[in-house]
Amino acid sequence: MTKPAQAQEFFTSRGDGIAAWRKIADLLEAEIAGGLLVPGSQLPTEAVLAARFTVNRHTVRRALAELADKGLVRTAQGRGTFVEAARLAYPIGTRTRFSQNIAQEGREPGGVILDAAEIEADARIAGLLAIPPGSLVLRLHTARLADGVPIAIGHSCIPLPRFAGFEAAYRRFGAVTPSFAACGVDDYKRRETRVSARFASPEEAAGLDIAPGRPVMVVDSVNVDLGGVPIQATKGVFAADRAEILLQS
């Protein structure tokens, strides 16, 4: 059986002093750049790649880790390794809407609740929501998706009892705007946004399906109703390899 041209080149240059895992990573990166491996497609298994390059699976695993560190692929636990889609633009302005932003990029938006609880607002949350400390709020831990791929994870705190039906609405719609509408708030604005950057924690990396230690953008924000009353305080953690923040005035 004749090997593909790039693979043949790999086999005939094994003695050039370049580590095998590096050469495999470079070849796969070239195939991604050249469109042979398209965004969203699944890479062959480690066993198949090991056979293709006549190396052990540990070498293949090192090559895939290098591609993941570059943000070119992601490994989904139990499902395999996939080519990352192109980074999407995420505008932030006075009316920031996740689902709208994702849809404008030609991708399917989604949202799931990972955890929900009623808690007493600490001093920070109380200050952001302009409520007395100790007031009840709904805290939602959510994942926001584009074509089924996590773009951001985070926590939102929403005042109770005003939005007592928000959790049920979000589980139904998978989006913030229709959930607020179901609670009587048809429109709202972004009062403030703070953006910072750091490296992902192990828990964040797992939630975003990225390699541990990859850069993330942290977006802290407060939304208010049209009367200026705070209705949501959010901390969102975005995978920097999948989104770029576009600040709009």
Side-chain angles (χ1 to χ4, degrees), residues 39-43 61 64-90 92 96-103 105 107-119 122 124-125 128 137-158 166-177 179 193-223 232-245:
S41 65
Q42 185 172 2
L43 270 65
R61 197 170 297 126
L64 294 179
E66 172 70 9
L67 295 178
D69 284 345
K70 291 184 174 182
L72 297 174
V73 303
R74 66 182 179 89
T75 299
Q77 188 67 32
R79 293 193 292 120
T81 302
F82 298 83
V83 180
E84 284 279 26
R87 182 181 294 157
L88 58 85
Y90 189 84
I92 292 179
T96 300
R97 305 290 187 265
F98 180 89
S99 295
Q100 179 179 324
N101 287 348
I102 300 304
E105 291 287 304
R107 300 168 70 176
E108 181 68 27
V112 295
I113 294 177
L114 304 177
D115 184 55
E118 293 186 7
I119 64 169
D122 59 20
R124 185 182 72 86
I125 294 299
L128 292 174
V137 297
L138 172 66
R139 184 182 64 187
L140 293 180
H141 181 201
T142 60
R144 310 304 301 275
L145 315 172
D147 291 337
V149 176
I151 299 298
I153 58 174
H155 291 89
S156 288
C157 287
I158 300 165
F166 189 92
E167 179 185 349
Y170 194 96
R171 291 188 185 278
R172 176 183 176 189
F173 297 114
V176 170
T177 300
S179 300
T193 301
R194 299 174 184 269
V195 181
S196 58
R198 56 175 171 77
F199 296 114
S201 69
E203 295 78 12
E204 291 165 346
L208 291 168
D209 271 349
I210 59 176
R214 293 300 297 164
V216 293
M217 296 174 292
V218 182
V219 179
D220 291 284
S221 61
V222 176
N223 289 322
Q232 182 185 31
T234 298
K235 179 183 290 292
V237 179
F238 286 72
D241 295 326
R242 297 183 188 144
E244 59 183 13
I245 301 298

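With sequence neighbours left out, the salt bridge (Lys or Arg N to Asp or Glu O under 4.0 Å) criterion links Arg61 to Glu46. In terms of the side-chain hydrogen bond (donor to acceptor under 3.5 Å, both in side chains) criterion, Thr142 has no residue partners (sequence neighbours excluded). Checked against salt bridge (Lys or Arg N to Asp or Glu O under 4.0 Å), Glu105 has no partners two or more places apart in sequence or in another chain. Scored by the side-chain hydrogen bond (donor to acceptor under 3.5 Å, both in side chains) test, Asp122 finds no partners at all (sequence neighbours excluded). With sequence neighbours excluded, the residues that form a side-chain hydrogen bond (donor to acceptor under 3.5 Å, both in side chains) with Tyr170 are Arg144. Arg124 meets the side-chain hydrogen bond (donor to acceptor under 3.5 Å, both in side chains) test with no other residue; sequence neighbours excluded. Evaluation of the side chain to side chain contact (heavy atoms under 4.5 Å, CB included) rule for Thr96 yields Tyr90, Ile92, Asn101, Arg190 as partners, not counting sequence neighbours. Under the side chain to side chain contact (heavy atoms under 4.5 Å, CB included) criterion, Thr177 pairs with Arg97, Tyr188, sequence neighbours left out. Judged as a salt bridge (Lys or Arg N to Asp or Glu O under 4.0 Å), and not counting sequence neighbours, the contacts of Arg194 are Glu192. For the ring-ring contact (aromatic ring centres under 6.0 Å, His included) test, no residue two or more places apart in sequence or in another chain qualifies with Phe82. In terms of the salt bridge (Lys or Arg N to Asp or Glu O under 4.0 Å) criterion, Arg139 has no residue partners (sequence neighbours excluded).
Residue pairs meeting the salt bridge (charged side-chain N to carboxylate O under 4.0 Å, His left out) criterion with at least one member in residues 200-210, sequence neighbours excluded: Arg74-Asp209, Arg198-Glu204.
Among all heavy-atom pairs drawn from Leu145 and Pro150, the shortest one is CD2-CA, 3.6 Å. Summarising the geometry of Ala200 relative to Ala205, their closest heavy-atom pair is CB-N, 4.1 Å, with the distance given to 0.1 Å. Residues Ala175 and Ser99 share a closest heavy-atom pair of CB-OG, 3.6 Å.
At most 12 heavy atoms of other shown residues, nucleotides or ligands fall within 6.0 angstrom of atom CZ in Arg172.
Here the side chains of Val219 and Ile245 are in contact, with some heavy-atom distance below 4.5 Å. With contacts defined as side-chain heavy-atom distances shorter than 4.5 Å, the pair Gln232/Val222 does not qualify. With contacts defined as side-chain heavy-atom distances shorter than 4.5 Å, the pair Val218/Val195 does not qualify. Looking at Val216 and Phe238, their side chains never come closer than 4.5 Å, going by heavy atoms from C-beta outward.
How far CZ of Phe166 is from OG of Ser156: 7.0 Å, rounded to the nearest 0.5 Å. Between the CD atom of Glu167 and the OG atom of Ser179 there is a distance of 10.5 Å, given to the nearest 0.5 Å. Note that the CG atom of Leu140 and the CD1 atom of Ile113 stand 5.0 Å from one another [nearest 0.5 Å]. Atom NE2 in His141 sits 8.0 Å away from atom CG in Asp115 (nearest 0.5 Å).
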Check against side-chain contact (heavy atoms from CB on, under 4.5 Å), His155 and Thr234: CA-CA 6 Å; His155 291 89; Thr234 298; over 6 Å; no
Using side-chain contact (heavy atoms from CB on, under 4.5 Å), reason through Val237 and Leu208 one step at a time and then give a plain yes or no. CA-CA 9 Å; Val237 179; Leu208 291 168; 4.2 Å; yes
Assess the residue pair Leu43 and Val83 against the criterion (side-chain contact (heavy atoms from CB on, under 4.5 Å)); give the C-alpha distance rounded to whole Å, side-chain angles, the decisive distance to 0.1 Å, and a yes or no. CA-CA 7 Å; Leu43 270 65; Val83 180; 3.4 Å; yes
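Between the side chains of Ser221 and Thr193, no donor N or O sits under 3.5 Å from an acceptor N or O.
Not a single donor-acceptor pair under 3.5 Å links the side chain of Arg242 to the backbone N or O of Glu84. Looking at Asp147, its side chain never comes within 3.5 Å of a backbone N or O of Arg107 through a donor-acceptor pair.
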